[in-house]
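Just so it is clear: chains get the letters A, B, ... in the order the sequence lines come, proteins before strands, and each one is counted from 1.
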Amino acid sequence: MNEKKKLVLIDGNSVAYRAFFALHSQLERMKNKNGLHTNALYGFHNMIDNVLTKEKPTHILVAFDAGNTTFRHSYFEAYKAGRSKTPGEFSEQMPYLRDLLDGFGIKHYELKNFEADDIIGTLATQVDPTIYDVVVISGDRDLTQLAKENVRVDITVKGVSELKGHTIETIQEEMGISPLQIIDMKGLAGDASDNIPGVTKIGEKTALKLLKEYGSVEGIYENIDSLKKSKMKENLINEKEIALLSKKLATIDTEAPIEIKIDDLIFSGSHMEKLIAFYREMDFNSHLSKLDTSEYDAEQNNQKEEISYKIVSEITADMFNDDMALYVEMLEDNYHTSPIFCIGWGDDKQIYIAEPEIVFASEDFKSWASKAEAKKQVFDAKRTYVALKRQNIDITSINFDILLASYLLNTKDNSKDLSEVAIEHDYYEVSSDESVYGKGAKLAIPEEKSVTYDHIARKIKAIRVLSKQLNDNLEENEQTKLFNEMELPLSFILADMELTGVKVNDKRLMEMKEEFAIRLNDIEQRVYELAGEKFNLNSPKQLGVILFEKMGYPVIKKTKTGYSTAVDVLEQLREQAPIVEHILDYRQIAKIQSTYIEGLLKVIDKETGKIHTRYMQTVAQTGRLSSVDPNLQNIPIRLEEGRKIRQAFIPSHEGWKIFASDYSQIELRVLGHVSNDTLLKEAFIEGQDIHSSTAMRVFGIASPEEVSPEMRRRAKAVNFGIVYGISDYGLSQNLGISRKEAQQFIDTYFEKYPGVKTYMEDIVREAKDKGFVETLFQRRRYLPEINSRNFNLRSFAERIAINTPIQGSAADILKIAMIKMDKKLKELNMKATMLLQVHDELIFEVPEDEIEQLEALVVEVMEGAVELSVPLKVDSNSGKSWYEAK
DNA sequence: TAAATCACG
DNA sequence: ACGTACGTGATTTAT
């Protein structure tokens, strides 16, 4: 027996609007971390969820209105006029509705000049009634006119989860007319919400009475003479045109020129990864925890198409050719330490899977890996390179990295999970690592080996397919140079830096640890004395109670959950609260102790006494690197106590030195270049102290000598503010001045540096126009919120539009310098080695007798890395430890 | 798992 | 009028 199919058609705008008002009381409570309101999305989500469970549709579509004008406006301009303006809090949620539907795997559609009703009406009418049962869902009663033998129309009653079904029978029962007569009723009675006029003095009751007698609007006019004389008859006669027009307006078009076919609407389940990402973005935590991912994954995995591969127990040379994908599987993130448990490689014809012992013992594999003519495509080149290097295998000629490419195409598409990256590029044939290996305590290699093998084989295929696709995309964006000449070569340089590692004097750290332990204990006792009780000093919550409740100090700032006890707050209490001094001391030292001393001691490689960080090349949205496990880009320097940590970073060879070179004011120089501002460029060209120079302009000082330290400090803050996409409030907070004063500084700055002002206006306009900004080297960052109706989101995007080309271009420049530096060091056969990168500086270890040469080389390479309209400047220092290279 | 805090550029 | 500086990662407490 053939079951009937079920088509569900949802009126997106109307249901979302209902959801918005149903949860209107929650409006301010329901916001995500970015301040986006989520009440309509939440309500809409729950409605869909209910519908999917209850109706179990085989086909489903959400239709949207397209724009504000429809074909109806062409014969009645005032159609839908006089509606109150759509609230911004609602419209800002609409774009995300599409994401939600994509997650659910539900097709959505809109058609220019037509309303959602018309799309729904056309589909509901045109599908074969012997095959399809149709359910229409809307918040708008007009749609009940679509009810038929096989079409039920559900209208929201209250909220969106409670629906009332309308069929031919119920409509007949309640109103005594057929669904199609609802149009006639509107023609007579009009509809205030759509501004459909109707005939004067005729309301729903009267209309129904007339229709029961005469059947339709036309029927009434055919029999108009038989009506007895009345005011109503007069109105009907006078307003015949209006009645016919009203009917026309209320009629849903069942022959709209839609381009979708019923087969496009097949519902084959949700895309869990997308849905989860949506929940995360919207902070729908209850939904996140409710998901039974394992069950879902299993179902999804079953839907994937079969993949064939060969399990290899003996490797032979004919298994390799000059164009293949390679994947090395490890369970843990840290590829410096994680065991390798499976390896796959292959091309479009054949995929091979093998256990690592077999691969590592194979000379054929090794020579293929190191063969220059053999091009390899991977996911995460650096990870692959390091993992093989640990086995003494040198891999060369990796010519594509889909992770790196994906990140360059959109910095947001940077998941460490291959399947997530694949899904972003509409490739669904590979499962998530989590669904195969589990997570947290359950993370493990599957008992059944074929599960792993199948998974790796799918990864190989995905790499093959996506390498071609993403390479095309890079070309379309003119980013191939960025990929081939900057990011990909850099990833191997970073790999070498990570593998080299940096030597750490653990004895020195342990000495410091003991010293600090004693001091911490002393301070702790002192604080307890002053507080009159013991408490956990590391708990901001407990500290808040002591400070602001027990001791009664004034509350200066609050956080989401209670009193703020951050430094700037404590500093304001310093004068009146002696205890605060000790708390600040404690905080400072506790930070050094836990993060830097204990933290670093934990990650020193026992064998080599070195630390091997991992540079994340696809995380930072601006193009910068980041550093993890441990983070070596935030080792203390500003305060002397913490700076001493750097004494523990030493050269790995006797008689060598640590050598550090940093770009001076690189971001402001980049700003000078991109803004082409005369004064700003001049300051750099003439080698002025940039902050003093700014102080002179902004405070109207004649000579550099007259700039006081305080003025320079303020000017420096202004310069920072400019780079960050300044606001009066931000600057006022930073400088502890009034907003008005801060605004004055900004105004004066823009007066003196009009080029900078123009740059900011231009870049924001360009971002609004194109939806993304670019660095000097075509690195892109998309700003989906730049045109948001939400002030917060839009303003944030505008500041990012200003900052990213500056921070990102500076990052590009240092990356170029690193590549050139690496090349030079090799060419010149120097022993000096690049160890670390910290955003605007490079740290090397170098034999004593190479220092001079290195110094000259660094200046040549870094200052000459790129040609800007302002000079680049580098400062270098060296010493026995990182501390002394200052 | 989130929030608060603080280290760096 | 709206509420805020840009980019990161690690540790701790609390839920």
Under-4.0 Å salt bridge between A/Arg779 and A/Glu487 = yes

Could you tell me whether A/Ala801 contacts a base, only the sugar-phosphate backbone, or nothing, with contacts defined as non-hydrogen atoms closer than 4.0 Å?
-> nothing

Contact class for A/Ile637 (heavy atom, under 4.0 Å): base, sugar-phosphate, or nothing?
-> sugar-phosphate

Heavy atoms of chain A, cut-off under 4.0 Å: which first and last nucleotide of DNA chain C, 5' to 3', fall inside that, if you could look?
-> C/dC2 to C/dT15

Positions of residues 612-628 of chain A (non-hydrogen atom under 4.0 Å from DNA chain B), listed by number = A/Arg624

Whole-Å P distance, B/dA4 and C/dT4 | 13 Å

Those residues that, when tested against A/Glu598, pass side chain to side chain contact (heavy atoms under 4.5 Å, CB included) (two or more places apart) = A/Lys513, A/Gln593, A/Ser594

Neighbour count >12 (heavy atoms, 6.0 Å) for atom NZ, A/Lys886 | yes

Whole-Å P distance, B/dC6 and C/dC2 | 29 Å

So does A/Gln744 have more than 12 non-hydrogen atoms from other groups sitting under 6.0 Å from CD?
-> no

Could you tell me if the ring centre of A/Phe284 sits under 6.0 Å from that of A/Tyr42?
-> yes

Base, sugar-phosphate, or nothing for A/Ser727, non-hydrogen atoms under 4.0 angstrom?
-> base

Aromatic ring proximity A/His24/A/Phe20, centre distance under 6.0 Å | yes

Take A/Ser661 and A/Ser876, measure what side chain to side chain donor-acceptor pair (under 3.5 Å) needs, and give me the verdict at the end.
-> CA-CA 4 Å; A/Ser661 304; A/Ser876 301; 3.0 Å; yes

Name the nucleic acid region contacted by A/Arg781, choosing base, sugar-phosphate or nothing; use a 4.0 angstrom heavy-atom cut-off, strictly under.
-> sugar-phosphate

Would you write out the dot-bracket form of DNA chain C, 5' to 3', with Watson-Crick and G-U pairs under 3.5 Å, [ ] for crossing pairs, | for pairs to other strands and . for unpaired bases?
-> .....|||||||||.

What nucleic acid atoms does A/Ile800 come within less than 4.0 Å of, heavy atoms only: base, sugar-phosphate, or nothing?
-> sugar-phosphate

For the rings on A/Tyr553 and A/Phe548, is their centre-to-centre separation under 6.0 Å?
-> no

For residues 795-803 of chain A, which side-chain donor-acceptor pairs fall under 3.5 Å, sequence neighbours excluded?
unit_1   : atom_1 : unit_2   : atom_2 : d
A/Ser795 : OG     : A/Phe791 : O      : 2.7
A/Glu798 : OE2    : A/Lys768 : NZ     : 2.8
A/Asn803 : ND2    : A/Val723 : O      : 2.9

What nucleic acid atoms does A/Asn734 come within less than 4.0 Å of, heavy atoms only: base, sugar-phosphate, or nothing?
-> base

Could you give the distance separating B/dA7 and C/dG3 at their C1' atoms, to the nearest angstrom?
-> 26 Å

Applying salt bridge (charged side-chain N to carboxylate O under 4.0 Å, His left out) to A/Asp413 and not counting sequence neighbours gives none

Contact class for A/Glu667 (heavy atom, under 4.0 Å): base, sugar-phosphate, or nothing?
-> nothing

For A/Arg638, report the nucleic acid contact type (base, sugar-phosphate, nothing); a contact means any heavy atom under 4.0 Å.
-> base

Reckon A/Val723 touches a base, only the sugar-phosphate, or nothing at all at heavy-atom distances under 4.0 Å?
-> nothing

Within 6.0 angstrom of A/Lys644 NZ, more than 12 heavy atoms from elsewhere | yes

Identify whether any heavy atom of A/Ile635 sits under 4.0 Å from a base atom; if not, whether one sits that close to sugar-phosphate; answer base, sugar-phosphate or nothing.
-> sugar-phosphate

Is A/Lys534 atom NZ crowded by more than 12 heavy atoms from other residues, nucleotides or ligands, each under 6.0 Å away?
-> no

Remember a base hit wins even if backbone is also touched, and classify A/Gly599 as base, sugar-phosphate or nothing at under 4.0 Å, heavy atoms.
-> sugar-phosphate

In whole angstroms, the gap separating P of B/dG9 from CD1 of A/Ile813 amounts to 18 Å

Specify the separation, in whole Å, of atom CG of A/Asp662 and atom P of B/dG9.
-> 9 Å

Closer than 4.0 Å, any side-chain N/O of A/Arg587 to the OP1 or OP2 of B/dC6?
-> yes

Reckon A/Asn631 touches a base, only the sugar-phosphate, or nothing at all at heavy-atom distances under 4.0 Å?
-> sugar-phosphate

